[in-house]
Protein chains: 2
Amino acid sequence: MAERADARRNHDLIVSVAAEAFAEHGVDTSLRDIARRAGVGIGTLYRHFPTREALVEALLRQRFDRLRARAEELADQPPAEALARWLTDVATGSATYRGLPESVLAALRDETSELHGSCVAMRAAGAELLARAQEEGLVAAGVTPEEVLALAAGLAWAGDRSGIAVERLLALALDGLTPRRR
Amino acid sequence: MAERADARRNHDLIVSVAAEAFAEHGVDTSLRDIARRAGVGIGTLYRHFPTREALVEALLRQRFDRLRARAEELADQPPAEALARWLTDVATGSATYRGLPESVLAALRDETSELHGSCVAMRAAGAELLARAQEEGLVAAGVTPEEVLALAAGLAWAGDRSGIAVERLLALALDGLTPRRR
DNA sequence: GAACATACGGAGCACTGCTCCGCTTGTCAA
DNA sequence: TTGACAAGCGGAGCAGTGCTCCGTATGTTC
């Protein structure tokens, strides 16, 4: 028996309402509230998304895919600029929903997560940019993609909490707070 | 009428149990649980600390005071090292309780907070270190104390979530990810 | 030892995440 | 068209949360 039409309709409805609610109140929004706003029962919401993470994942996957695509777009630009631009996109994009940076780091670590795959693909694309910058000596050799992503996520988090622009914090970290003695 | 002995006893008991519980499960630990572990009723806990923030504040104030003192200790060291050491202390100290970096940034912003005073004092002491580093051209002129603190808090947060050492992330930010073209 | 302000404890309210299950409803074969 | 039935729906219900309120107990003072 094929997928029922009402099920698909509800699925999409919940996703779109959740996107709105998350953007408005962060990823900790009450799921009951989302169900209410979508006009479905709480049971229906849980049928489609057994955990809150599952719902976040549905919204996060496309974000990861977009960031991967973005990294590939930037491949033909000068390494330093490409890396800086990409990290800015990562950080500012993470500020869409309050609580999202946490999900990003969680998805990277949790290998059983549905998201892990697309998250790893994104990281790999970013790693490419990082490697190119390192080849040209623009970034220290020992720096790993994980470190760079953690840095970006942390600054996205801090920007949200402090009211300081994420771009500013990222610029400080990229240029180095303390200029090199020369 | 003087303060009752049982009240003072309970107050101190709750604080010490809370410190333990926060260190173990983060600042979002159930307050009912803390009351239970302290052997007092939930009402008693709320009588002493009307909000969760009040309880966090009681634990945070001494931390701020210590960081202020630490900044003053470091005053006679070379500016760059002094700033780096102090920020390391800020960041690693923030990792004591999960959720603490958030409280730090919140206390800085919320001027009505009980904590605001000691938090501002700490910031001022840190600002001194920053200013000295800037005078010697070791840090770019436009960088503000708020930005530096937000950076440290964000990296403390990211370190906790990513499993990467806070010191490592801070070192990346201080040295600059992208070495200067010269 | 009496009087009384002060502090205590927990029942209770409105909320949360999540489960479970009786009742609909969409779908497809007859 | 109609019947059968899997699939999906909705919400009552459970255990937990933060927080309030108030009758009861207790430390303190005269």
Open item on the list: Under 4.5 Å side-chain heavy-atom separation, chaining through any Ile, Leu, Val, Met, Phe, Trp or Tyr, what else clusters with W157(A)? Say none if it is isolated.
Closed with: L105(A), L105(B), W157(B)
Open item on the list: The side chain of D6(A) is closest to which nucleotide in this list: dT17(D), dG8(D), dG17(C)?
Closed with: dG8(D)
Open item on the list: We want to know whether R63(B) and T96(B) form a side-chain donor-acceptor pair, criterion being a heavy-atom distance below 3.5 angstrom.
Closed with: yes
Open item on the list: So, does T44(B) get its side chain near the phosphate of dA7(C), meaning an N or O under 4.0 Å from OP1 or OP2?
Closed with: no
Open item on the list: So, using side-chain contact (heavy atoms from CB on, under 4.5 Å) as the criterion, who are the partners of D12(B) when residues are at least two apart?
Closed with: R8(B)
Open item on the list: Holding to side-chain contact (heavy atoms from CB on, under 4.5 Å), I want the full list of residues that pass it with E146(B), two or more places apart in sequence or in another chain.
Closed with: I164(A), R123(B), T144(B)
TODO: May I ask you to list the residues of residues 9-26 of chain B, by number, that have any heavy atom positioned under 4.0 Å from an atom of DNA chain C?
DONE: N10(B)
Open item on the list: Considering only residues two or more places apart or on different chains, which pairs with a residue in residues 126-139 of chain B satisfy salt bridge (Lys or Arg N to Asp or Glu O under 4.0 Å)?
Closed with: none
Task: Contact summary for A38(A) and L13(A), nearest pair of heavy atoms - done: O-CD2, 3.1 Å
Open item on the list: Nearest whole Å is fine: how far is dG26(C) C1' from R8(A) CZ?
Closed with: 15 Å
Between the protein and nucleotides 18-23 of chain C, are there any N/O to N/O pairs under 3.5 Å, and if so, what are the atom names and distances?
{"unit_1": "dC18(C)", "atom_1": "OP2", "unit_2": "Y46(A)", "atom_2": "OH", "d": "3.2"}
{"unit_1": "dC18(C)", "atom_1": "N4", "unit_2": "R32(A)", "atom_2": "NH1", "d": "3.4"}
{"unit_1": "dC18(C)", "atom_1": "N4", "unit_2": "R32(A)", "atom_2": "NH2", "d": "3.0"}

Identify all side-chain donor-acceptor contacts of residues 40-51 of chain A below 3.5 Å with residues at least two apart in sequence or on another chain.
{"unit_1": "T51(A)", "atom_1": "OG1", "unit_2": "E53(A)", "atom_2": "N", "d": "3.3"}
{"unit_1": "T51(A)", "atom_1": "OG1", "unit_2": "A54(A)", "atom_2": "N", "d": "3.1"}

Task: Base of dA7(C) paired with side chain of R4(B) (donor-acceptor, under 3.5 Å) - done: no
TODO: Nearest whole angstrom, please: distance from the P of dC9(D) to the CZ of R36(A).
DONE: 18 Å
- [ ] Write down the distance between CZ (F49(B)) and C1' (dA7(C)), rounded to a whole number of angstrom.
- [x] 14 Å
Open item on the list: Nearest whole Å is fine: how far is dA5(C) C1' from E3(B) CD?
Closed with: 14 Å
TODO: Could you pull out all residues at least two apart from R52(A) that satisfy side-chain contact (heavy atoms from CB on, under 4.5 Å)?
DONE: L31(A), V56(A)
Open item on the list: Taking 4.0 Å as the cut-off, does a side-chain nitrogen or oxygen of H48(B) come that near to OP1 or OP2 on dC8(C)?
Closed with: yes
TODO: Verify the contact: side-chain N or O of S30(B) to OP1 or OP2 of dG16(D), cut-off strictly under 4.0 Å; return yes or no.
DONE: no
Open item on the list: Test question: given the 4.5 Å side-chain rule for I, L, V, M, F, W and Y, name all other residues clustered with V120(A), or answer none.
Closed with: none
